[in-house]
*Asks:* 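One structure, pasted below without further comment.
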Amino acid sequence: MNAQPVLPTKPEKRIEIVDIWRGFAILGILVVNMELFSHAIQTVSYGIETTNPIDQIARWLIAFFGEGKFYSTFALLFGLGFAIQQQRIEARGGRFFPLYLRRLAILLAFGLIHAYLLWAGDILILYSVLGLILLLFFRNRRPRTLLIWFFILLAVPLLLNGALWGATSFGRQTPEGAQMVAQILQEQETGLRAAAAAADEVYASGTFLEITRQRVADMNYLYSVYPFMGFNVLAMFVLGLYAGKRRLHALLPDQPDRLRRILTWGLALGITGNLLYVIFGEWSSRIIPSGFLMISITAQTIGAPALAVAYMAGLALLAPRFPSLSRLAPVGRMALTNYLLQSVICVTLFYGTGFGLYGTLGPAAGLLLTLGIFLLQIPFSSWWLNRYRFGPMEWLWRTLTYRQRQPMQRPSLAS
């Protein structure tokens with residue numbers, strides 16, 4: 001039996017709830033990223049101080065409802081999409097491995113261009129590298145094995161942070177050691193603050209070339225953070241692959257009782273975990289290992305995925321009752337385009353090469369700006385997809401992946 005041609009999924013065969021989840025995640029990603037657009041990455045690492053109570057409340061809300069939840073959602077959906085594509089391609093007799101390898105290579109190219117020429121907060125590079133690990137080591141694992149690996153991968157960052165805390169505590173056992181540890185930590189914070197001040201000046205008033213040099217420095221800093229963040233992302237990839245192999249995306253929307261149980265447990269773990277994350281995060285420094293920081297990190301490691309899953313279960317329950325939620329689906333269908341578009345808009349607004357708002361907006365104003373941008377992306381996505389099959393970046397990604405020019409216009413508009 002000859003293999004059928006391997007072609008991308010037709011728009012009419014997409015699963016709407018998955019696109020709604022993606023659209024919601026696009027909103028959440030911008031909520032969290034907004035502070036990174038208007039402040040240096042190093043500043044965000046050690047925490048931005050504010051005396052404005054409204055801004056402080058906004059920051060707590062972003063930390064509680066946003067931080068770690070939406071990249072977790074997107075990562076889970078990445079793994080889910082991986083499983084769906086693997087099933088469809090292999091069902092047609094196609095070769096999934098080389099096709100997906102090419103897809104990841106193109107995503108990596110997009111990420112490199114995005115990170116070094118537009119904005120250093122890019123997540124696509126990390127996704128493409130971890131996607132290769134998913135492809136090489138997890139694609140043919142059984143669902144039960146994937147679930148075990150999910151918990152193992154979540155535990156690794158806790159062990160790494162625990163080891164740092166343990167080494168720091170051990171070093172403080174003697175007066176001389178305590179003095180040395182204090183000096184090292186002080187030098188680290190001083191270095192971060194100096195790097196942040198230099199970055200602030202460049203992004204606020206530098207030329208494009210100066211900003212590009214700064215982006216290179218910021219990416220080098222981010223690469224040092226990847227080992228801690230990467231295991232959480234890979235864990236959610238694996239959880240999404242597990243869900244895809246179990247076909248939960250297709251089965252759960254028709255099982256409201258099961259969705260309610262998932263929602264209940266997700267909220268219970270998510271609210272508890274994120275409350276502890278915010279409280280103990282306020283009592284600790286993100287760059288100084290301590291017991292309070294370990295509690296905060298552990299609570300987020302549990303609470304962030306739990307709340308992300310609760311969001312998804314809640315949307316699946318609400319979508320049939322509130323058809324207006326389907327307006328998120330076009331945003332999700334154009335997730336890559338909208339993610340990159342957010343960078344274009346925010347870099348233009350904040351950097352000195354644009355409107356120069358860098359460093360002028362606090363978290364509360366950032367939330368309002370986020371909402372304004374997203375409310376524009378909803379009608380833009382609908383308008384575009386009423387005329388074209390794919391978002392522009394999705395079209396390019398598919399065309400390069402399948403090495404065949406994809407039809408862009410919808411059939412009714414092509415003639």
Side-chain angles (χ1 to χ4, degrees), residues 29-49 67 71 104-132 184-230 233 285-287 336-363 365-366 369-370 373 392-393 396-397:
I29 291 234
L30 185 57
V31 167
V32 177
N33 282 348
M34 185 57 70
E35 195 167 54
L36 287 167
F37 281 114
S38 58
H39 296 85
I41 292 172
Q42 296 86 349
T43 302
V44 177
S45 296
Y46 60 72
I48 301 172
E49 299 175 1
E67 288 180 6
Y71 83 70
L104 290 173
I106 296 162
L107 185 64
L108 176 60
F110 289 163
L112 290 170
I113 294 170
H114 179 225
Y116 287 102
L117 295 181
L118 191 59
W119 182 57
D122 172 79
I123 196 69
L124 303 180
I125 295 174
L126 182 62
Y127 272 37
S128 60
V129 172
L130 296 179
L132 179 60
I184 292 172
L185 293 175
Q186 181 60 49
E187 289 175 354
Q188 178 181 339
E189 182 172 352
T190 300
L192 276 177
R193 290 185 182 275
D200 285 340
E201 183 177 353
V202 171
Y203 287 128
S205 58
T207 64
F208 178 80
L209 183 57
E210 290 170 336
I211 290 174
T212 300
R213 291 196 190 105
Q214 184 61 51
R215 278 192 290 259
V216 173
D218 287 345
M219 285 305 301
N220 290 337
Y221 172 71
L222 275 178
Y223 290 144
S224 70
V225 179
Y226 276 2
F228 295 90
M229 181 181 179
V233 173
S285 167
R286 293 186 182 186
I287 61 173
L336 178 60
T337 294
N338 280 310
Y339 170 71
L340 295 175
L341 182 59
Q342 288 174 352
S343 294
V344 171
I345 292 171
C346 290
V347 165
T348 302
L349 288 174
F350 288 111
Y351 287 4
T353 50
F355 289 93
L357 296 179
Y358 188 89
T360 63
L361 298 187
L369 179 58
T370 295
I373 292 172
M393 293 305 300
L396 180 60
W397 197 8

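The chain is numbered in sequence order, starting from 1. Both backbone and side-chain heavy atoms feed into the values below; hydrogens, waters and symmetry mates do not.
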*Asks:* Do Phe350 and Tyr203 come within less than 4.5 Å of each other through their side chains, counting heavy atoms only?
*Replies:* no
*Asks:* What's the verdict on side chain to side chain contact (heavy atoms under 4.5 Å, CB included) for Tyr116 and Asp122, showing C-alpha distance, side-chain angles and the deciding distance?
*Replies:* CA-CA 9 Å; Tyr116 287 102; Asp122 172 79; over 6 Å; no
*Asks:* How far apart are the C-alpha atoms of Thr353 and Thr207, what are their side-chain angles, what is the distance that settles it, and do they pass the side chain to side chain contact (heavy atoms under 4.5 Å, CB included) test?
*Replies:* CA-CA 6 Å; Thr353 50; Thr207 64; 5.7 Å; no
*Asks:* Measuring only between side-chain heavy atoms, which start at C-beta, is Asp218 closer than 4.5 Å to Gln42?
*Replies:* yes
*Asks:* Measure the acute angle between the ring planes of Trp397 and Phe110, then classify it against the limits of 30° and 60° as parallel, tilted or perpendicular.
*Replies:*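 If you compare the ring of Trp397 with that of Phe110, the planes turn out perpendicular.
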*Asks:* Compare every heavy atom of Val347 with every heavy atom of Leu118, then report the nearest pair and how far apart it is.
*Replies:* O-CG2, 3.5 Å
*Asks:* Looking at CG of Leu107 and OG of Ser128, how far apart are the two atoms once the value is rounded to the nearest 0.5 Å?
*Replies:*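 One finds 5.0 Å between CG of Leu107 and OG of Ser128.
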*Asks:* Can you name the closest pair of heavy atoms from Phe208 and Leu117 and give their distance?
*Replies:* CE1-O, 3.8 Å
*Asks:* So for atom CD, which belongs to Glu189, do other residues, nucleotides or ligands contribute more than 12 heavy atoms lying within a distance under 6.0 Å?
*Replies:*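 Yes, enclosed.
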*Asks:* Of all heavy-atom pairs between Leu340 and Leu124, which one has the smallest distance, and what is that distance?
*Replies:* CD2-CD1, 4.2 Å
*Asks:* Could you tell me whether a side-chain N or O of Tyr358 sits under 3.5 Å from a main-chain N or O of Ser205, the two making a donor and an acceptor?
*Replies:*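 A pair under 3.5 Å: no.
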*Asks:* Is it the case that the side chain of Thr337 and the backbone of Met393 share a donor-acceptor pair, with hydrogens and angles ignored and the cut-off at 3.5 Å?
*Replies:* yes
*Asks:* Take Gln188 and Leu185, measure what side chain to side chain contact (heavy atoms under 4.5 Å, CB included) needs, and give me the verdict at the end.
*Replies:* CA-CA 5 Å; Gln188 178 181 339; Leu185 293 175; 4.0 Å; yes
*Asks:* Over 60° means perpendicular and under 30° means parallel, so classify the ring planes of Tyr339 and His114, tilted if in between.
*Replies:* perpendicular
*Asks:* Can you tell me how far the OG atom of Ser343 sits from the CG atom of Leu341, to the nearest 0.5 Å?
*Replies:* 9.0 Å
*Asks:* Could you grab the distance from atom OH of Tyr351 to atom CD1 of Ile211, nearest 0.5 Å is fine?
*Replies:* 7.0 Å
*Asks:* With rounding to the nearest 0.5 Å, note down the distance linking CG in Leu132 to CG in Leu108.
*Replies:*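 One finds 10.0 Å between CG of Leu132 and CG of Leu108.
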*Asks:* Provide the closest heavy-atom pair for Ile373 versus Cys346 in the form atom of the first, atom of the second, distance.
*Replies:*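 So the two residues come closest at CD1-SG, 3.9 Å.
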*Asks:* What closest approach, in Å, do Ala115 and Ile125 show between heavy atoms, and which atom pair accounts for it?
*Replies:*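 Where Ala115 meets Ile125 most closely, the heavy atoms are CB-CD1, 3.8 Å.
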*Asks:* Would you say the side chain of Val129 lies within less than 4.5 Å of the side chain of Tyr226, judging by non-hydrogen atoms?
*Replies:*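 Not in contact.
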*Asks:* So which atom in Leu130 and which in Gly230 form the shortest heavy-atom distance, rounded to 0.1 Å?
*Replies:* CD1-O, 3.4 Å
*Asks:* Could you verify whether a donor N or O on one side chain and an acceptor N or O on the other, from Thr212 and Arg215, lie under 3.5 Å apart?
*Replies:*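 Yes, side-chain donor-acceptor contact under 3.5 Å.
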*Asks:* Find the distance between CG (Asn338) and CD1 (Ile29) and round it off to the nearest 0.5 Å.
*Replies:*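 It is 11.5 Å, given to the nearest 0.5 Å.
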*Asks:* Go through the steps to decide whether Ile123 and Leu126 satisfy the test side chain to side chain contact (heavy atoms under 4.5 Å, CB included), and finish with yes or no.
*Replies:* CA-CA 5 Å; Ile123 196 69; Leu126 182 62; 4.0 Å; yes
*Asks:* Roughly how far apart are Leu349 CG and Leu357 CG, rounded to 0.5 Å?
*Replies:* 6.0 Å
